[in-house]
Each structure stands twice: as C-alpha cells, then as structure tokens.
J.: 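Pasting a structure below so you can have a look.
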Amino acid sequence: MNGIRKIHSLRFFLWSGILMMPFIAIIARAEAHADSLTCPFVKIDVERLPNLNIPRSGHNIFCVNGEVTVVGGHTKDFKPTATAEYYSHGKWHLMETVYPHDNGLCVVLSSGKVILAGGHEKPLGIGQTYPVEEYDPATHSFRGFSSLDTKRTLAIGTEIDSGRVVVAGNWYADDAIEVFDGDRTFSFVKKPSADRSTPYIFRTTADDVLVMGCVDTHGKYLNTDVVDRLRGEPFQVPLLKEWQPLSFCYNYSNNIGFIGNEATGDYTHLLALQECDDSGTAFFGKPHKMAFALVRDTTFTLLPTLCPVPTVGPYGTFNFSTPLITDRVAHRGYCVGYDIDNRIYVLCIEYDKCPAPLTIYYTDPLPECGGVSVLTDEGDLMIAGGYVYNKTIGGNLDNDNFSPLSSAFILPLSQYSRPASPKKSQGWLWLLLPVAVLLLVSVFGLLWLRKKRRGMDAQSTSFDQSDSEISDLLMLRIIALMEQQQVYLNQNLKLNDVAVMLNTNRNIISNCINSQKGISFSQFVSNYRVEHAQKLMRQRPDQKITEVWMRSGFSSESAFFRSFKSATGMTPSEWKENNHQS
C-alpha cells in the first residue's frame, strides 16, 4: 500500500514539474523583456602599454598593416612636433616627418599609404598650413609632395574613386571643399553652405560625398539642418532639426561610421547624434541625449535601439566625445567618453540587429588617459597621448595643451565582440540535440493528454495573467521605440517594420496596442505624429504648415489635416491660434 502511495506521489511531483515548465518559460520571457529595456554596464580592465617617446596631443592616430601609428600634434610647451611613432613588438618606434602636422588631417588610402596634410602654422595652436606628405607604412618613410589649395587645420578627408580625396573643414579661417586628384594636385571645388570644423564626410556613391557637422570654425555650434554635397546642391534633413551630429574636437581618419561594403556599392554610414535644445543648439560640456541615424545617400533614418542611450552610470554622469568608430568584422560601433574622474566609457551598439542592443563598457579612473582612440586589427581600442580635457570641465585641471600625455592604453573589447571559435572538444554537445528534441516532443505530448483528460481551466487563468504581464512589457518596448527612437517620423512606417524592430510578428504588435490602448496601430502612430506637430508649432509658430506635416512623419497634407482634426477637434491653424492666445 505504501509502495502504491509512493508511486502516486512520484507521479504527482513529475506531473507538477512538467506542468510548471510553461510557467517557467513565460516568467523567463517576461524577465527577458524587462532586461531589454535597460542598458547593461560592464566593467573592463585596461592594459597599460609603454609610453610614447614624445608626449603629444592634437595628433593623428590610425592602424594600417597591423601597426598603430601616431603622427604629429604638439608636445610640451604647445610646440608642433615633426615626428611620428608606430607600435610594434611591444614598443614605440620614433620617426621624423617632413612637416609638423598639429591638428592636421589624415586619410588612410585603399592603397595602404596615408595622406597627411595641414595643421597649425605656429605654437599655441595658431594659424593654418598648406603642406602635404605621404606616409608609406611598408617602409616607414615620409615624402612631401604637394600643397593644399586652402591652408587649413582641424580638417577631415575621405577617399573616393581613383584614389581621389575630398577635404573639408578649418579652424579660425574660411572653409572650402577641395579634391585631391590622386596624383599631385589639390583643387578648390566649392564653398560649403556653412564653415565647419572637423566635419563629417560620408561617401554616398563612387564619386560623391555628404559634408555636415554642428561646430563652426570658431568652436561654436551651428544651428543648421543643411547638408552639403560634393556634386549637387545643399539640402535640408528634417531629422537634423531635432538632432545634431555628435561633435568631436580631435582628428580622425576617413570612413568614420562606415558600415557598408564598397565592393557592392553600399555606402551606408551610422551617425551618432546628440539632441538639440529648442533653439536648435546642440548641448556642449554636459551629458546629452544621444541616438543613431542610418545614412544612405541623402536619407537619414533613426536606428531603433533596445533602450535609450544612458548618460548616467554607477558613478554619476558622463559624456561621449568621439564619432562612431565601427568594427565591421564584429558589426559593432563604439563611441568613447569620460566622466569627471576620468573613467572611460565606451558605448557599444550592435548595429546589425534591429532594434540594436546597447552596452556600456567602463573602466576604473585613469588619471593619465586622454586623447583619441583607434580600433586595432584585433578589435580592441587603443588610446594614446592627448590630455585629460574633462578635468577642465570639472574645474580641476591636471594637464592641458602645454603638458600633453605620453601614456597609451588598450581596452580589450575583442573578448566581447569577437569570441573565440568553439573548441572541437565541445562538439559532443550536438549529440544532446536529438535527446532535447525527443524530450520536448514527449513533454508536449503529455501536456496534450493531460489537457484532454482533465481540462486546463485553472491553468488558463494563470496563463492569462502571465500573458498580460508580457503584454505590459511589450507595450513599454513599443512606447520606447516611439518616444526614444521617434520611428513615427518615418513616413513609410508599417506595422511589419515595428514587428521586425521588436523581433516579433505584426499580429502580436497589433493585438498589444489594441488591448492596451484601445486603438489601431495606424491611430497609435498618428497620435504621436500629431503630438510632434504640436511641439513643432509651439517651438516655431512662424513655420509653414507644409513644413510641419512633412517633419512630423505624415505622408500627405490631407492625412495630416484629417488626423489632426480627429485628435484635437481643431484644424492645425485653429489649434495654433488657440495655443498662441493661451
């Protein structure tokens, strides 16, 4: 008798365990949804490298032929230095350049050689220069060979077809767009719509580029949504009224943010953005909201992310100050920033996923770390030289342009972005797959028999409750997509698009919005567009209605008027007049 009871007890616990499996899965799904709404912070250790031979700031840094190389800049007493160094076999090797390039431009060519040009004419960061030289990393040699058409500093260059290079940007002097012919000559092409310092130059075709930026040649922010082209007239980008390209003050080599494939003619870029205030001025010297835009030809579209970009971490606020450095092998992009204690924060975006996951990697305080960073061939970030400019913001100046750093560090990001291939000894794990499949089939079969014999009324109530929790979390993700990424500004946004962004299907999205908000997907999106239009009209009452609806994501004027009247009970003009009077 006792044996029979034990058997029944064993069967009870077995069936209880089997029946609990769906609930455990639902809880795990809910936790996964909750985790996706926040950005993980991962603390990393850094490797201290041997110091540079010469302390320097305002230098260029690039990686070619597997060697990280720093060129030019200024050293102690704010004096330009006509030197360069490359890192090999655990130490820095000093070289002499033909000209000093303090805040000069650097372009790594597809041939493997490097163009270096311009820079400050005198100590203390004064003036601009013309000289151009070429660096051959195969022989570690430099040769002067040409002159810029416009003397300049804090400029950016990008290679286009046939070895030609587009150059733009300047500092305390007029800007101009010029082109290197790939042989010897730099020629003026046109004046840009606005003079810029360290602009972004994004290639759009084999022989055309976009030129944009939010800092003028005197270090002040530009209030513009206009983008220049090498070929063609300047054009406006509505997105740049809400966001501006993330500003940076160091020199970076070409292909900033490039995530495309030149071989197939794909010139897609990922642009880091910072929020503008109501006057259209980007924030400076303090944490700012950030987002990312995919740039294809002349189209700028916000890239959905799983969570907003954080500006506060375990130790307070921090600020990002570099353009996006892309690792096309790992499909990741990195922005580097610092807090007041000089901890390094690396914002990582996995741009090949939609919505894109974000991760913040951070370090302990590094009082001797500053300067520009470069991605090594191994997928790590190296930071060499520079000065701790965030100390200036905090009012505690440890070093400046008169006493730059010689320190160098490696941030080992490859261990997270490029995991090692599974060992062959782990191949036995695949043998468990048939067993797992058989177990799952058995479990579902038993559940079906159990349901048929006894019914599942009690369980249905629990399932409904769990599904409700999941629906709540999904609604939070949908709202985050709308409010943080502003996907409703895309005139062609479809239900399928949102489903893909959230890794689910259109029916689940539609049912979630309908059950949570009591409206359809199209009405849900339309409400966000109406609210955006109201915000635009509050900010600039003088702007035309046509501009308002186009910048709010509506596909036509009639759709705008119909949606606005439905949401507010007034036409846009009536609402604007009523709002102005109030």
Side-chain angles (χ1 to χ4, degrees), residues 41-64 66-76 83-94 106 248-253 313-315 318-327 330 332-348 359-392 394 398-401 403-418:
F41 280 71
V42 179
K43 186 177 181 181
I44 60 173
D45 296 321
V46 299
E47 178 186 352
R48 178 71 184 259
L49 300 178
N51 283 357
L52 298 166
N53 291 284
I54 295 179
R56 65 182 78 225
S57 187
H59 54 286
N60 292 112
I61 184 168
F62 53 87
C63 184
V64 63
E67 296 173 347
V68 172
T69 304
V70 296
V71 177
H74 56 266
T75 187
K76 293 179 180 179
T83 62
E85 306 181 42
Y86 68 92
Y87 187 74
S88 178
H89 297 94
K91 66 178 184 179
W92 293 96
H93 303 264
L94 189 63
C106 165
F248 58 98
C249 58
Y250 281 111
N251 311 87
Y252 285 82
S253 60
Y315 301 97
F318 50 88
N319 207 24
F320 295 105
S321 55
T322 70
L324 200 69
I325 303 168
T326 52
D327 182 349
R332 287 181 159 210
Y334 301 110
C335 284
V336 183
Y338 301 84
D339 67 10
I340 201 66
D341 295 316
N342 220 52
R343 293 177 183 86
I344 303 175
Y345 293 81
V346 181
L347 168 62
C348 169
T359 304
I360 299 288
Y361 299 101
Y362 70 99
T363 71
D364 285 326
L366 298 171
E368 295 183 70
C369 184
V372 295
S373 50
V374 67
L375 188 74
T376 68
D377 286 352
E378 294 75 26
D380 298 318
L381 282 179
M382 182 185 289
I383 301 176
Y387 69 93
V388 185
Y389 53 87
N390 263 26
K391 287 291 184 181
T392 306
D398 281 355
N399 72 304
D400 57 19
N401 274 313
S403 55
L405 299 167
S406 59
S407 57
F409 297 85
I410 282 284
L411 279 63
L413 299 180
S414 59
Q415 61 182 309
Y416 304 99
S417 62
R418 302 182 185 182

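Just so you know, these numbers come straight off a predicted model, no measurement behind them.
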J.: Which class fits the ring pair Tyr86 and His93: parallel under 30°, tilted 30 to 60°, perpendicular over 60°?
T.: parallel
J.: Heavy atoms only: give me the nearest Gly313-Phe318 pair and the separation to one decimal.
T.: N-CE2, 3.3 Å
J.: Grab the two heavy atoms, one from Arg56 and one from Leu94, that are nearest each other, plus how far apart they are.
T.: NH2-CD1, 4.3 Å
J.: A side-chain contact here means heavy atoms from C-beta on lying under 4.5 Å apart; do Val42 and Tyr416 qualify?
T.: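 Answer yes - side chains close enough.
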J.: Roughly how far apart are Cys106 SG and Phe62 CZ, rounded to 0.5 Å?
T.: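 Reported value, rounded in 0.5 Å steps: 5.0 Å.
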J.: To the nearest 0.5 Å, how far apart are CG in Asp364 and CG in Asp45?
T.: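 Between Asp364 CG and Asp45 CG, I get 7.5 Å after rounding to 0.5 Å.
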J.: Which label fits Tyr345 and Tyr362: parallel for a plane angle under 30°, tilted from 30 to 60°, or perpendicular past 60°?
T.: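 Parallel.
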J.: Verify, without hydrogens or angle tests, whether Glu85 (side chain) and Asn53 (backbone) share a donor-acceptor contact under 3.5 angstrom.
T.: yes
J.: If I compare all heavy atoms of Val346 with all of Phe320, which pair ends up nearest, and what's the gap?
T.: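 Distance-wise, the nearest heavy atoms are C-CE2, 4.4 Å.
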J.: Can you name the closest pair of heavy atoms from Val68 and Met382 and give their distance?
T.: CG1-SD, 3.4 Å
J.: I'd like to check Pro412 versus Glu47 (side-chain heavy atoms, cut-off strictly below 4.5 Å). Are they in contact?
T.: no
J.: Do Thr363 and Ile44 have side chains that get closer than 4.5 Å, going by heavy atoms?
T.: yes
J.: Under the 3.5 angstrom rule, does the side chain of Ser321 hit a backbone N or O of Gly337 as a donor-acceptor pair?
T.: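 It does not hold such a pair.
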J.: Might you point out which heavy atoms bring Ser57 and Gly386 nearest each other, and give the distance in Å?
T.: OG-CA, 3.6 Å
J.: Looking at Tyr338, is Arg343 sitting on its ring face, NZ or CZ under 6.0 Å from the six-membered ring centre and within 45 degrees of the normal?
T.: no
J.: With no hydrogens and no angle check, just 3.5 Å: does a side-chain donor-acceptor pair link Asn51 and Arg48?
T.: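 Yes, a side-chain donor-acceptor pair sits under 3.5 Å.
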J.: Quick check against the 3.5 Å criterion: does Asp380 have a side-chain atom that pairs as donor or acceptor with the backbone of Ser414?
T.: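 Yes; judged by distance alone, with no hydrogens or angles, the pair exists.
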J.: For the pair Asn342 (side chain) and Cys369 (backbone), establish whether a donor and an acceptor sit closer than 3.5 Å, ignoring hydrogens and angles.
T.: yes
J.: Compare every heavy atom of Leu405 with every heavy atom of Gly370, then report the nearest pair and how far apart it is.
T.: N-CD1, 3.7 Å
J.: With a 3.5 Å cut-off and no angle check, do the side chains of Thr69 and Glu67 form a donor-acceptor pair?
T.: no
